[in-house]
Amino acid sequence: MKRKRSLVIFYEAILILVTIVMALPLFLAITISLQKPEVVFSYPPKFFPTSFYWKNYVEAFKYVPLARLLLNSLIVATLITLGKLATGTLAGFAFSHFNFKGKRVMFAALFATLFLPAETVMILPLFLIMKSFGWVNTYWALTVPFMASATNTFLMRQHFLTIPKELQDAALIDGASYLQFFWKILIPLSRHMLAGASIINFVYAWNMYLWPLIVTMEDKMKTVQVGVKMLMQSESANNWGVIMAGTVVALAPTVIMFLALQNLFVRSLVRSGMKG
Amino acid sequence: MKKLLPYLLLLPTFLIISLFIYWPAAYSLRLSFYRITPLGNRMVFVGIKNFQRLFQNPEYINSIRVTVIYVSSSLIATIFLAFFIALLLNMSLPGNKVFRALIFTPYAISPAIAGVLWSFLLNPVVGHVNYILSKLFGLQIEWLTTKPYALIAVIVATVWKTLPFDIIFYLAGLQDIPQELLEASMVEGANSWIRTWKIVFPLLSPITFYLIIMNLVSFMFSSFAIIDVTTKGGPGNSTTTMIYRLYLDAFAFQKTGPAAAQSVILFIIMAVVTIFYFKFGERRVHYQ
């Protein structure tokens, strides 16, 4: 299939323009994070880095306890991811391999929560409940409420349904228990699915904002997402080099992970959406 | 054992959603019928008064209006731009892989960070957007502090942040359409544009449906972060969406009853979306 040359050039030009617009904010954030303060305010603004002024990064870690916030984000995102995978695979196994009384009702009850992200719709009651639990300002509040989700359960169920039923029969005849079958056969066969779901869940949890903002009072319990806002409000306000350094630190883990695992990421995302 | 096992497997999931979704939902409903004294020590039953007051409150009405404008503009812009960019990316032009990687990157960036990035770009002193606009059109705009630009700024940041997600889905859908059909409808002739919208776009309608629902949910809630970082709902409530209003009333002004009523309203909206999705979403799987 040959295309007209001029048309190809035209499309290519638009695509380059789109790419620049989409990538520019991140590119400029990195550029600015490496500029001396006086360069940041120079006019016309710089589009390319003119120096490697690492001090902005040092300053960012001084203005807010960035190292601690990064650690918190890592802990929170990891725990939520593990929790979601654990509950999701177990519940998905129940829905895919068993017939039991109340299955339909329980499935519908779970489905009803699909679009009720607790971290936003129910922040107020959830916050009051956390207070009564004494969980405010703890990792419990930051993680436990999000350790189960309809999306993950459905995703796992759909995936388990694609695995031949004969495998289960064979395993049971060989004397394995259901749990052995689950752990030794089903889970290993689902590695790719689990890997994809992990990174999607991790990015989601790493990027949470509203809930960590309200449920943490002390700086040492906050996450890095809240940290970038703290940077904008701290004494560094208007010191965009420092703010951008903190921002780059906060976005680096998920962006690097995304770039490194893009194919896996994209495939899992589409799969989870299409088979929802 | 076999009879009990499925219930045991479901226990963790249902324990968590009962404690942290069902219970808060019920609690919210209960609170919405009460007025709570500022110190939180006394609850007075007021029936549906909290709801009535809300709908007489110009600030709340305004937040509904802002939400409608914000969600619908972001939605329309995102869907059409995403479809258009996905078409370009699907044409296997030179450099395609690099373009894809760069265009997808904002997917992994959080709404809060998107807010910081755009606060910088739109900053009237150091930002690059005004520099480009003043060079090209002689414009100098105080994006985040004047109406109606603040809302436009928030929409731009939202669209930028959401585009990659939608492009990924459209691209996946395009790859399922026979290549000859695509080429024929896109490449030759002056009518290719019209044919694309009349043939390819309708073929992808199940994806569009899915994306509309997903974007709607995300614009309703997760955009809180973008707004909080860039405009804080200002100037003059012009970017205060329903979720931002809820946050202000619940945590800044301690109006627990009215805030709970707002939670219930959002809850009802999401219930409607869920039912809608359940009823009409089944068909979307047909080409998988």
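What you are looking at is a predicted structure, and each value in this text was computed from that prediction instead of being measured. Labels below follow one simple rule: chain letters A, B, ... track the order of the sequence lines, proteins then strands, and each chain is numbered from 1.
- For chain A, the nearby parts of B:Ser119 are the backbone and the side chain; heavy atoms of each come within less than 4.5 Å.
- Looking at B:Leu31, the atoms closer than 4.5 Å to chain A (heavy atoms on both sides) all sit in the side chain, from C-beta outward.
- Between the CG atom in A:Leu124 and the CD atom in B:Gln254 there is a gap of 9.5 Å [rounded to 0.5 Å].
- Residue B:Phe99 holds its CZ atom at 14.0 Å from CE of A:Met22, rounded to the nearest 0.5 Å.
- With hydrogens and angles ignored, the 3.5 Å screen pairs no side-chain donor or acceptor of B:His128 with any backbone N or O of A:Leu24.
- Counting only distance, with no hydrogens or angles, the side chain of A:Thr254 and the backbone of B:Ala108 share a donor-acceptor pair below 3.5 Å.
- Looking at A:Phe202, there are no atoms closer than 4.5 Å to chain B (heavy atoms on both sides), in backbone or side chain.
- The candidate from A:Val224, A:Val144, A:Ile256 with the greatest count of non-hydrogen atom pairs under 4.5 Å with chain B is A:Val144.
- In summary, the aromatic rings of A:Phe146 and B:Phe20 are positioned with their centroids too far apart to meet the 6.0 Å limit.
- Scanning both residues, B:Leu93 and A:Val8, for their nearest heavy atoms gives CD2-CG1, 3.7 Å.
- Both the backbone and the side chain of A:Met106 come within contact range of chain B, judged by heavy atoms closer than 4.5 Å.
- Only the side chain of B:Ile132 has a heavy atom closer than 4.5 Å to any heavy atom of chain A.
- Under the 4.5 Å side-chain criterion, counting only non-hydrogen atoms from C-beta, A:Phe100 is not in contact with B:Leu5.
- Residues B:Leu9 and A:Tyr178 are not in side-chain contact: their nearest non-hydrogen atoms beyond the backbone lie 4.5 Å or more apart.
- Two residues are said to be in side-chain contact when any heavy atoms from C-beta on lie closer than 4.5 Å; A:Tyr209 and B:Val229 meet this criterion.
- Of the two parts of B:Met220, neither the backbone nor the side chain holds a non-hydrogen atom closer than 4.5 Å to a non-hydrogen atom of chain A.
- No part of A:Lys103 comes within reach of chain B, as not one of its non-hydrogen atoms sits under 4.5 angstrom from that chain.
- Heavy-atom distances place the side chain of B:Ile243, and not its backbone, under 4.5 Å from chain A.
- B:Pro24 has its side chain within reach of A:Ile129: a pair of non-hydrogen atoms, C-beta onward, lies under 4.5 Å apart.
- Counting heavy-atom pairs closer than 4.5 Å to chain B, the top residue among A:Asn152, A:Leu251, A:Thr153, A:Leu114 is A:Leu251.
- Counting only heavy atoms from C-beta outward, the side chains of B:Phe221 and A:Leu116 never approach each other to under 4.5 Å.
- Aromatic ring centres of B:Phe104 and A:Phe265: separated by at least 6.0 Å.
- With a 4.5 angstrom heavy-atom cutoff, A:Phe127 touches chain B only via side-chain atoms.
- Contact annotation for B:Asp228: both backbone and side-chain heavy atoms come within less than 4.5 Å of a heavy atom of chain A.
- Considering every non-hydrogen atom in both A:Met244 and B:Val116, the closest pair reads CE-O, 4.0 Å.
- B:Phe169 approaches A:Leu269 most closely through the heavy-atom pair CZ-O, 3.5 Å.
- The NZ atom of A:Lys84 lies 10.5 Å from the CD1 atom of B:Ile16; values are rounded to the nearest 0.5 Å.
- A donor-acceptor contact shorter than 3.5 Å links the side chain of B:Thr13 to the backbone of A:Thr87.
- The CE atom of A:Met122 lies 8.0 Å from the OG atom of B:Ser263; values are rounded to the nearest 0.5 Å.
- Between B:Tyr22 and A:Leu110, the shortest heavy-atom distance links the atoms OH-N, 4.0 Å.
- A heavy-atom distance below 4.5 Å is not found between the side chains of B:Pro106 and A:Leu26.
- Two residues are said to be in side-chain contact when any heavy atoms from C-beta on lie closer than 4.5 Å; B:Leu10 and A:Leu90 fail this criterion.
- With a 4.5 Å cut-off on non-hydrogen atoms, B:Val217 touches chain A through its side chain but not through its backbone.
- Remark: side-chain polar atoms of A:Trp240 are not paired, donor with acceptor, to backbone N or O of B:Phe120 under 3.5 angstrom.
- Both the backbone and the side chain of A:Leu15 come within less than 4.5 Å of a heavy atom in chain B.
- Each of B:Leu89, B:Leu88, B:Ile103, B:Ile85 was evaluated against A:Thr19; a single residue qualifies, B:Ile103, per the side chain to side chain contact (heavy atoms under 4.5 Å, CB included) test.
- Between chain B and the residues A:Ile20, A:Leu128, A:Leu210, the largest count of heavy-atom pairs under 4.5 Å involves A:Leu210.
- Ranking B:Phe251, B:Phe267, B:Tyr27 against chain A, the residue ahead of the rest is B:Phe251, based on heavy-atom pairs under 4.5 Å.
- Using a 4.5 Å cut-off between heavy atoms, B:Arg100 touches chain A through its backbone atoms (N, CA, C, O) alone.
- Neither the backbone nor the side chain of B:Leu81 comes within contact range of chain A; no heavy atom of the residue lies under 4.5 Å from a heavy atom of that chain.
- Sparse packing is recorded around CH2 of A:Trp140, with 12 or fewer heavy atoms of other residues, nucleotides or ligands lying under 6.0 Å away.
- Surrounding CZ of A:Phe10 are at most 12 heavy atoms belonging to other residues, nucleotides or ligands under 6.0 Å away.
- When all heavy atoms of B:Pro94 and A:Glu12 are compared, the pair lying nearest together is O-OE2, 2.9 Å.
- A distance of 7.5 Å separates CG of A:Leu7 from CE of B:Met91, quoted to the nearest 0.5 Å.
- Counting heavy-atom pairs closer than 4.5 Å to chain B, the top-ranked of the candidates A:Val226, A:Ile214, A:Leu259 is A:Ile214.
- Counting heavy-atom pairs closer than 4.5 Å to chain B, the top-ranked of the candidates A:Ala23, A:Pro44, A:Pro253 is A:Pro44.
- With a 4.5 Å cut-off on non-hydrogen atoms, A:Ala109 touches chain B through its backbone and its side chain both.
- Among the candidates A:Thr247, A:Val203, A:Val21, A:Val40, the residue making the largest number of heavy-atom pairs closer than 4.5 Å to chain B is A:Thr247.
- Only the side chain of A:Phe95 has a heavy atom closer than 4.5 Å to any heavy atom of chain B.
- Side-chain contact between B:Phe224 and A:Leu213 is present, with at least one heavy-atom pair separated by less than 4.5 Å.
- Counting heavy atoms of neighbouring residues, nucleotides and ligands inside a 6.0 Å radius, atom NZ of B:Lys232 exceeds 12 of them.
- Residue B:Ile213 comes nearest to A:Phe115 through the heavy atom pair CG2-CZ, 3.5 Å, listed as atom of the first residue, atom of the second, then distance.
- At distances below 3.5 Å, not a single donor-acceptor pair connects side-chain atoms of B:Tyr7 with backbone N or O atoms of A:Ala94.
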